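Computed from a predicted structure; not experimentally measured. To find a chain, count down the sequence lines: A is the first, B the second, and so on, and within it residues start at 1.
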2 protein chains.
Amino acid sequence: MAVRERIRVGGRSARIQTAVHEAVKRLATENNRDELTVPQIAAEAGVTPSTIYRRWGDLSALLADVAVERLRPIADPEDTGAVASDLRLFIEQFMEEMSSPVGRALMRDVFSSEEAYPCQCAGFTREHLTTIVSRARARDEAAFDIDQVLDHVVAPIIYHILYGDRELTLDYCHALLDRVQSRPTAAAPPAPAGPAAAQRAPREKAGRGSVRAPRVVPPKTRVGRKSANSKSPGRR
Amino acid sequence: MAVRERIRVGGRSARIQTAVHEAVKRLATENNRDELTVPQIAAEAGVTPSTIYRRWGDLSALLADVAVERLRPIADPEDTGAVASDLRLFIEQFMEEMSSPVGRALMRDVFSSEEAYPCQCAGFTREHLTTIVSRARARDEAAFDIDQVLDHVVAPIIYHILYGDRELTLDYCHALLDRVQSRPTAAAPPAPAGPAAAQRAPREKAGRGSVRAPRVVPPKTRVGRKSANSKSPGRR
DNA sequence: GGCCTTAACGCAAATAATTTGCTTTAAGGT
DNA sequence: ACCTTAAAGCAAATTATTTGCGTTAAGGCC
């Protein structure tokens, strides 16, 4: 398969991506999410709708792209001086953020796209936990098993947020944590290799609100109408 | 608020719903899911597209409605003679079904709609577990804590399927089960009341493939275009 | 069983979203 | 500074979605 020609990530492409993402955020705040449309977002961003369709493909992919950026961490978990309180504070904040209306909407956006965004977001959570473990080791403290915390603290929290079958409380989160901490790595289930299994080194602490170099989404390469009965085959 | 006039659930309405659901299933099998359109489904079902828009609202709601019906259990979990093996078999089948491409697609459909479908689906799982517990009690066996199984077996399984961050194995599921069963109801976290907290009695065993009376979706009552700048307010 | 009310559906037209061909702008390499 | 070409803009075409109104038939009542 031919390698794609080089993607342009500077200048106008970056500015347009920022403008479109900001437009999505503003419009999502002001309107019912289900009523967002691409022409509306394009008008708010000051671009042509076809720019959005060519770059992202459809509304769902755009919302997912924005959601992943919003879920991407911009700072390490707070350092409270001890691993237990670091983890506790992280989980408390995680639950509160994910169970908020904005958090729920972002998760739905992430799951609704065909892209591998959920896997990427799982990596964010694992990354935070890795940071807390590394910090504990730097202090010569006993750490915790990241897979245990993901399976028995993070997963139940996410499950109940997504299914909406019960309201979450801090007591509930604390009890999940206590349960994991009362039996550290013993009887850990086998965790077969997966895309996110390799743990990444924690990134340098960036501080809240720091600006990152924009990741520019390459344009969709799918040709023609989505339906198989498309009238005109694409040019590329 | 005025009570809605009575909904017609018989004859043509029921036939149209069945036809549309079957059309969705056939087209989803034959085509890329992301390429499904309402006009296409309408043609396959032999109805007018506006029928679908009026009844379901949009494609997303239709796919979710179909997904919930496909996820709705039509039979009790198999009876293997002992609670431990009942639960084990149930979890094995649950993981295999949910992690299949069809299972993943159905879950994404369920989460993508504004309706409270996820909560309903959570109820299905809880219902199965309740059946297994009731069966155990009928045999004078020690049962298990349903909340524990949901939090520490079902939730991790669903988490990894949704996030796609690792592949699931039967060993992994068995280990999750072993972990719960090695500490039955001790230290259960507080489970605050929620919509699905009240446990429903298990339904009479229906046998595989039994036919249920159709649930007919009432038409959408939302008026006008989704966008706030709709030109013509609806009649009803 | 016939009649009546009216919910749901079909049809067609209008509106809006999405796609596509072509031109213009400007990113980035030399 | 120049050149190649990716990305964006523009406008037209196509398709999806919405809406007004007429038709069909569900279901309650007598």
Any idea how His128(B) and Phe90(B) line up, ring-wise: parallel (<30°), tilted (30 to 60°), or perpendicular (>60°)?
tilted
Whole angstrom value for the distance that separates C1' of dA26(D) from CD of Gln17(B)
15 Å
Would you indicate, yes or no, if dT18(D) has its OP1 or OP2 atom less than 4.0 angstrom from a side-chain nitrogen or oxygen of Ser50(B)?
no
Rounded interatomic separation in angstrom, taking CD1 from Ile52(A) and C1' from dA7(D)
14 Å
Check the phosphate of dC11(C) against Thr48(B), side-chain N and O only, distance under 4.0 Å to OP1 or OP2. Yes or no?
yes
How close or far is atom C1' of dA16(D) from atom CG of Asp58(A), stated in whole angstroms?
14 Å
Using whole Å, report how far CG of Leu36(B) lies from C1' of dA16(D).
14 Å
Which atom of Arg33(B) lies closest to which atom of Ala105(B), heavy atoms considered:
NE-CB, 3.5 Å
Would you please name every residue forming a ring-ring contact (aromatic ring centres under 6.0 Å, His included) with Phe111(A), sequence neighbours left out?
Tyr163(B)
Between dT25(C) atom P and Ile16(A) atom CD1, what is the distance in whole Å?
14 Å
Between the protein and nucleotides 26-30 of chain C, which nitrogen or oxygen pairs are less than 3.5 angstrom apart?
residue: dA27(C); atom: OP1; partner: Arg12(A); partner atom: N; Å: 3.1
residue: dA27(C); atom: N3; partner: Arg8(A); partner atom: NH1; Å: 3.2
residue: dG28(C); atom: OP1; partner: Val9(A); partner atom: N; Å: 3.0
residue: dG28(C); atom: OP1; partner: Gly10(A); partner atom: N; Å: 2.8

Atom CG of Leu59(A) and atom P of dT19(C) are separated, to the nearest Å, by 11 Å
Looking only at atom types and distance, does a side-chain atom of Thr48(B) sit under 3.5 Å from a main-chain N or O of Thr51(B), one as donor and one as acceptor?
no
For Asp151(A) versus Pro156(A), what's the shortest heavy-atom pair and its separation?
O-CD, 3.4 Å
Would you call Asp65(A) and Arg55(A) a salt bridge, taking side-chain N to carboxylate O under 4.0 Å as the test?
no
Output yes when at least one side-chain N/O atom of Arg54(A) is less than 4.0 Å from OP1 or OP2 of dT19(C), else no.
no
Interatomic distance, Glu35(A) CD vs dT18(D) P [rounded to whole Å]:
11 Å
